[in-house]
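Labels below follow one simple rule: chain letters A, B, ... track the order of the sequence lines, proteins then strands, and each chain is numbered from 1. Basis for what follows: all heavy atoms, side chains included, without hydrogens, waters or symmetry-related copies.
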Number of protein chains: 2
Amino acid sequence: MTLEPFFQSISLLKRLSASERQRLAEVSREKRYAKGEAVFRQGDPAEAVCIVKEGRVHLMKFHDEGQASTTCVMTPGEIFCCLPALDRKPYPVDAIAAVDSIIVRIPTTSFHELLQKNPAFLEASLCLFCERLRQVENQSCMVYDSVERRLAQVLLTLSEKFGPTIPLTKHELAEMANTTVETTIRILSHLKKQGAIKSSRGSTTIVKPDMLRDLASS
Amino acid sequence: MTLEPFFQSISLLKRLSASERQRLAEVSREKRYAKGEAVFRQGDPAEAVCIVKEGRVHLMKFHDEGQASTTCVMTPGEIFCCLPALDRKPYPVDAIAAVDSIIVRIPTTSFHELLQKNPAFLEASLCLFCERLRQVENQSCMVYDSVERRLAQVLLTLSEKFGPTIPLTKHELAEMANTTVETTIRILSHLKKQGAIKSSRGSTTIVKPDMLRDLASS
DNA sequence: AAGATTCTATGATGCACCTCATAGACGTGC
DNA sequence: GCACGTCTATGAGGTGCATCATAGAATCTT
């Protein structure tokens, strides 16, 4: 069971020739992570570029006193931490399996070689990279908005990935909005009363996206 | 008065051959900006990569109700907004001259051509991007911190650029720490009483960096 | 089935910070 | 010189949100 078919389904890796992809599949490894387990930690040397095959991985920062904030949620098919593959420096964040997950690990060295050899692949990687930078720059400006706005923003962003029903706990939403569970629940309760969302254990459903958009931008 | 000698002093442009640099100098233009004037605005099409020749430029985001936050301070010799030159998309932030400034504008198209032609130049540019991404990712983790910590962090970061005496007003410091002038002044007064800094109109001097480091990381 | 654990929910309290108001110090233009 | 704008400074008051406490509901464990 080679990884080649899986690699074919990843848009970034489509830029590779069949033989390049085949070779990459040979040196890459699949690995299981239990819920809560770290795929890598901030500061670890960058050994692998990762792709989510199954499950969900959160990129996060841990502060003192155990507070955590999630900067990005990676779902199946998504590739993460190309940055260390580019500059050969350590991972800038923690990557934690949010549920039991299967991750494909591509050795950084192999990835880096391909960047050097294949200009089309470099170009595509750069695009991904630029997107990420824009994403992060955008996030960093919303960080000082009110919690209500941040939450609306978070829900809208997640709905691009998951559709209207977002399969995250209130605690996970809180970590994305950089607030506490209690505050998150209070605000979501309020939004629920207004009919903007529905809420159940482990998931939140957007009913009126326009209402959230108003909140996020007003 | 060609721009070539100036370009020689910019480390990124040292990667170019003399003739490439000469050609770049011919198509680039110097432009003056008065204090408060915009070099470009968020969303503008990316016409030029910019280098500060004299003065100081702040990269910032404006929120509703006129609140502004400064994400980055660019000083002479620094090059900014290579990102749009890479992905050809609009500027992600506003660039405002914080004092009367002279900016050298390199046409995006010329810059982009060089990226394609000269691998060493591409490599160096990538390094700059990677650094920027890491910088931004780091900033975004300041979110959970108290204003005091954010301010300590801001002062330390700025002192890497300016040395111990930071020539910014309290208002500008406030914009960097994402807080108000009043709170900034209150906290700086406190730090002054403790002997960690000195403060005068339009500038703040770090006296005991270790004290700030303790604050920023404790 | 009973107990443990996680998730959701809501109230009470406190505080860090924003907002508004006032004022003196300093520089700038006329 | 005086008027004006900018910068610094400090007080009073209000509030958004964290923290702490409690508890019920859903799910997992054995």
Side-chain angles (χ1 to χ4, degrees), chain A residues 34-36 63-70 96-100 142-155 165-193 197-205 215 218, chain B residues 34-36 63-70 96-100 142-155 165-193 197-205 215 218:
Chain A
K35 179 180 175 179
H63 312 245
D64 346 271
E65 306 113 36
Q67 287 167 325
S69 51
T70 298
I96 310 288
V99 298
D100 292 351
M142 85 171 207
V143 142
Y144 297 94
D145 289 343
S146 72
V147 173
E148 189 174 47
R149 269 170 89 161
R150 265 143 54 199
L151 262 176
Q153 190 69 50
V154 161
L155 289 175
T165 295
I166 294 152
L168 270 67
T169 66
K170 309 296 178 271
H171 183 76
E172 289 172 319
L173 292 178
E175 282 182 340
M176 297 202 65
N178 283 290
T179 182
T180 58
V181 207
E182 295 95 324
T183 302
T184 300
I185 289 173
R186 269 183 254 269
I187 289 177
L188 290 185
S189 298
H190 186 66
L191 291 177
K192 197 174 177 179
K193 273 178 202 152
I197 62 167
K198 283 191 298 186
S199 163
S200 66
R201 187 185 172 90
S203 82
T204 302
T205 302
L215 262 181
S218 75
Chain B
K35 178 179 175 179
H63 310 247
D64 346 273
E65 310 113 34
Q67 286 169 328
S69 52
T70 298
I96 311 287
V99 297
D100 292 350
M142 284 190 1
V143 180
Y144 237 119
D145 293 344
S146 66
V147 173
E148 189 174 46
R149 268 169 91 162
R150 266 144 52 201
L151 261 177
Q153 190 69 51
V154 162
L155 289 176
T165 295
I166 295 153
L168 271 67
T169 66
K170 308 295 178 273
H171 182 75
E172 288 172 319
L173 291 179
E175 282 183 340
M176 297 203 66
N178 283 289
T179 181
T180 59
V181 207
E182 295 95 324
T183 303
T184 301
I185 290 174
R186 268 184 254 269
I187 291 177
L188 290 185
S189 296
H190 186 67
L191 291 177
K192 197 175 176 178
K193 271 176 203 153
I197 61 167
K198 284 189 296 185
S199 163
S200 64
R201 187 185 173 91
S203 84
T204 303
T205 302
L215 263 181
S218 75

Return the value, rounded to whole Å, for the distance between atom CG of B/Leu168 and atom P of D/dC7.
11 Å

Using the side-chain hydrogen bond (donor to acceptor under 3.5 Å, both in side chains) criterion, which residues pair with A/Thr204? Sequence neighbours excluded.
A/Lys170

Please list all pairs meeting salt bridge (Lys or Arg N to Asp or Glu O under 4.0 Å) that have one or both residues in residues 174-188 of chain B, counting only residues at least two apart or in different chains.
none

For B/Thr169, side-chain contact (heavy atoms from CB on, under 4.5 Å) partners two or more places apart:
B/His171, B/Glu172

A/Ser189 side-chain N/O to C/dT10 phosphate OP1/OP2 under 4.0 Å:
yes

What integer distance in Å separates A/Ile187:CD1 from C/dT10:C1'?
14 Å

Does a side-chain N or O of B/Lys170 approach OP1 or OP2 of D/dT8 to a distance below 4.0 Å, or not?
yes

Separation of D/dT27 atom P from A/Lys35 atom NZ, nearest Å, is 13 Å

Mind checking what makes side-chain contact (heavy atoms from CB on, under 4.5 Å) contact with A/Lys192, not counting sequence neighbours?
A/Ile197, A/Ser199

Listed partners of B/Thr205 passing side-chain hydrogen bond (donor to acceptor under 3.5 Å, both in side chains), at least two apart:
B/Thr165

Could you give the angle between the helix axes at the two ends of the helix from C/dA1-D/dT30 to C/dC30-D/dG1, with five pairs per end, rounded to 10 degrees?
40°

To check you understand the geometry: which heavy-atom pair defines the closest contact between A/Thr180 and A/Thr183, and what is its length?
OG1-OG1, 3.0 Å

Return the value, rounded to whole Å, for the distance between atom CG of A/Asp145 and atom C1' of D/dC17.
15 Å

Sequence neighbours excluded, the answer for side-chain hydrogen bond (donor to acceptor under 3.5 Å, both in side chains) partners of B/Arg150 is none

Atom pair distance, as rounded to whole Å: CG in B/Leu188 and P in D/dT8
9 Å

Using a 4.0 Å heavy-atom cut-off to protein, can you give one letter per nucleotide of nucleotides 18-26 of chain C, 5' to 3': B if the base is in contact, S if only the sugar-phosphate is, - if neither?
SBB----BB

Can you name the residues that form a side-chain hydrogen bond (donor to acceptor under 3.5 Å, both in side chains) with B/Ser69, not counting sequence neighbours?
B/His63, B/Asn178

